[in-house]
Amino acid sequence: MNLLQKKASKLDNDDFLSQYRDEFYYPASSPIYLDGNSLGLMSKRAESSLIKSMNDWKTFAIDGWTEGTDPWLYYSETLSKLTAPLIGARESEVTVTGSITTNLHQLVASLYQPKGKRKKILTDELAFPTDVYVLESQLILHGEDPMESLIKVKSTDGHTLNEEDIIDQMNDDVCLILLPTVFYRSGQLLNINKLTKAAHDRGIIIGFDLAHSIGVVPHDLNHSECDFAVWCTYKYLNSGPGGVAGLFIHERHHGRVPGLTGWFGSDKTKQFDMAHTFTPANNASAYQLGTPHIFSMAPLLGSLEMFEEIGMKCVREKSLTLTSYLREAFEDLNKLDNKFIVITPYEDVRRGGHIAVTHPDAARICKDLKTKGVIPDYRAPNVIRFAPSPLYSSYDDLWQTYMILKNILENKTFERFSNERNIIA
Ligand SMILES: *Cc1c(COP(=O)(O)O)cnc(C)c1O
């Protein structure tokens, strides 16, 4: 028996989360799903909570807003309560609403308050495009030229960023900083406490995009004192395509009127007074806009129940073991073809939930993997991301992936495919 195979079987035997595998549905054509950081799998509990909310509509019609076990009027608050422990926030600091893109617009509109020379926004050149688009349009709305006022910290290797390089750019003309917790390509995890402290020491507002860390890396946002955060729920939180997102705003900012206002941000006791004067909720709920998208929130309720049972400590522990196993598998594959480069940092404290590698034939290796029952994730021009989910991936999945990749390289079967990307990559 190969050493890696032996290791997989031992790890699977000791896996304290193995019972959760049966809670999920696997795509018929691809039993090995390693794309949980793009769209997590559907669980039976997510399916039931969605069906339940549809039944409430059937049974209660308009009264569904206040009747049933999970009334829609408080749905966002119910979900916020379950989300808070995942990120070390107080319940009052979280609201489940919108998408990353709209929530970023909301928070930047609320917290970006340029004064004199202090008017620049700092982000990084590896940022996800939508985050950059938001920052640019918010600057334009304030009459600023993004070419001049949006600073992007440069990466020295094209994959990762040095915290010191970010801190070096925290000058007294910077008003607000937005960074990811985990970089979507390389999987590098930034040191949130250190960056937040450095920003606050210099009087700068700082927020994070948790898209690639929520549900796989625990956070301590209240104690870290960062000002704001956003995340989506369809990646590691398995809420389904377009699942409603969330935002965090630190309690010291509560009680103000948000930059963008809407009636669902009202103090609930005043909302149905239908007054033209807006009375904001005195917590993160104030940042909601319109009527919540109940059917796009309902699957999250079932899914978060599992996270509540497991706790983020166990999730992270398994995730780190899965990703170190993957790293080892790539080191072994490199004995065949010395072309894989693992671009994810080695240390646990600098690694999120996935392993990313580069390879000159990345696009066609991914296509070949898909025909062989493995779903990875390709990012142009040459990155393959492997994102095992602590809830539904097994070590045997990773061992099988290793064997399939070995076969692909040995027989060069990827050469049957063109090395170009498909529309979703
Ligand atoms: C997935 C992702 C997004 C997506 O934003 P949506 O508004 O949900 O479409 C944004 N930022 C990052 C870093 C992401 O990984």
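Here the structure is a predicted model, which is why all the values come from computation and not from measurement. Both ligands and their constituent atoms are indexed starting at 1 by order of listing.
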Just by modelled atom types, is the [Y] backbone N or O under 3.5 Å from a matching donor or acceptor in the [X] side chain?
X: Asp124; Y: Val153; result: no
X: Asp227; Y: Ile206; result: yes
X: Ser49; Y: Gly302; result: yes

Checklist entry - Is there a side-chain hydrogen bond (donor to acceptor under 3.5 Å, both in side chains) between Asp377 and His354 once you walk through the steps? => result CA-CA 10 Å; Asp377 184 275; His354 69 266; over 6 Å; no
Next on the checklist: Among Tyr20, Tyr25, Tyr33, exactly one meets side-chain contact (heavy atoms from CB on, under 4.5 Å) together with Tyr392. Which residue is that?
Outcome noted: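 When Tyr20, Tyr25, Tyr33 are each tested with Tyr392, the side-chain contact (heavy atoms from CB on, under 4.5 Å) holds only for Tyr33.
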Next on the checklist: Determine whether Phe272 and Trp263 satisfy the following criterion, ring pair (Phe, Tyr, Trp, His ring centres under 6.0 Å), listing intermediate values before the conclusion.
Outcome noted: CA-CA 9 Å; Phe272 287 88; Trp263 76 313; 5.4 Å; yes
Can you pull every nitrogen or oxygen pair between ligand 1 and the protein closer than 3.5 angstrom?
{"residue": "ligand 1", "atom": "7 (O)", "partner": "Ile100", "partner atom": "N", "Å": "3.4"}
{"residue": "ligand 1", "atom": "7 (O)", "partner": "Thr101", "partner atom": "N", "Å": "2.9"}
{"residue": "ligand 1", "atom": "7 (O)", "partner": "Thr101", "partner atom": "OG1", "Å": "2.6"}
{"residue": "ligand 1", "atom": "8 (O)", "partner": "Tyr234", "partner atom": "OH", "Å": "2.6"}
{"residue": "ligand 1", "atom": "11 (N)", "partner": "Asp131", "partner atom": "OD1", "Å": "3.0"}
{"residue": "ligand 1", "atom": "11 (N)", "partner": "Asp209", "partner atom": "OD2", "Å": "3.0"}
{"residue": "ligand 1", "atom": "15 (O)", "partner": "His212", "partner atom": "NE2", "Å": "3.0"}
{"residue": "ligand 1", "atom": "15 (O)", "partner": "Lys235", "partner atom": "NZ", "Å": "2.6"}

